[in-house]
Structures are given as structure tokens and as C-alpha cells.
Amino acid sequence: MNDAECADLGLQVLAAHTGGLVKVTGMDIKGEINDAARDANAYYTLTFDSSPSDRPNEYRDLQLKVDKPSATARTTYGYYANT
């Protein structure tokens, strides 16, 4: 990915692409920190066996789907397969 621009590396973009919570509204910093701390305490760890890649550092998209309308799931958008 040699075409990255500064806007692609902003904190909000990096947070969203790695499954983080993006809080950019309001002026209640204490409340937003408390929300983020509560959010960080609720998580699952999922693993899977991926197929071998055709070439080193092959990028692969990830999608996580849940069947609960009230649930919000965040995850990284993808990963680089090494083998």
C-alpha cells in the first residue's frame, strides 16, 4: 500500500480500522473516557485457522456478523497473511 496519504493515518481512521471505538462528539471528556473504559471491559476473543497465502504479506479482509440487532461488534478490517 504505497498510496497512503496523511488522512488515511488519522487516529480516528486507525481506531476504526482496528476495531477501536471512535469518540469525536461532544465536550464531555470524562464521560467519553468512562464510556471507553466500559466498552473495553466487554469483549470476546475469536480465532480461526486461515488458509495459506499465495504470497508473503497478502492482505485479507475480515467481516464479523452477529445475529442480534441490538449488538454492536467491532473488529479489525483485515490482516496480512505471512504464509
Side-chain angles (χ1 to χ4, degrees):
M1 185 165 148
N2 295 332
D3 299 330
E5 297 180 16
C6 287
D8 297 331
L9 302 174
L11 290 178
Q12 291 88 355
V13 174
L14 292 175
H17 280 267
T18 58
L21 184 62
V22 178
K23 300 290 265 183
V24 293
T25 61
M27 299 298 290
D28 181 14
I29 294 173
K30 179 181 176 185
E32 290 179 0
I33 290 172
N34 287 335
D35 287 347
R38 276 191 302 277
D39 183 74
N41 286 323
Y43 65 91
Y44 287 95
T45 300
L46 304 175
T47 63
F48 63 94
D49 292 324
S50 65
S51 59
S53 63
D54 294 332
R55 59 189 185 282
N57 299 319
E58 177 182 7
Y59 184 79
R60 296 185 175 173
D61 291 319
L62 287 176
Q63 289 185 351
L64 177 63
K65 297 178 182 181
V66 294
D67 63 357
K68 282 190 157 188
S70 62
T72 301
R74 290 186 309 274
T75 187
T76 184
Y77 284 8
Y79 67 100
Y80 290 93
N82 290 324
T83 57

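The distance from atom CG of Leu64 to atom OG1 of Thr76, rounded to the nearest 0.5 Å, is 11.5 Å.
The heavy-atom pair separating Gly31 from Asp28 by the smallest distance is N-OD1, 3.0 Å.
Residues meeting the side-chain hydrogen bond (donor to acceptor under 3.5 Å, both in side chains) test with Tyr79, sequence neighbours left out: Arg60.
Taking 4.5 Å as the limit, some side-chain heavy atom of Phe48 sits within range of a side-chain heavy atom of Leu62.
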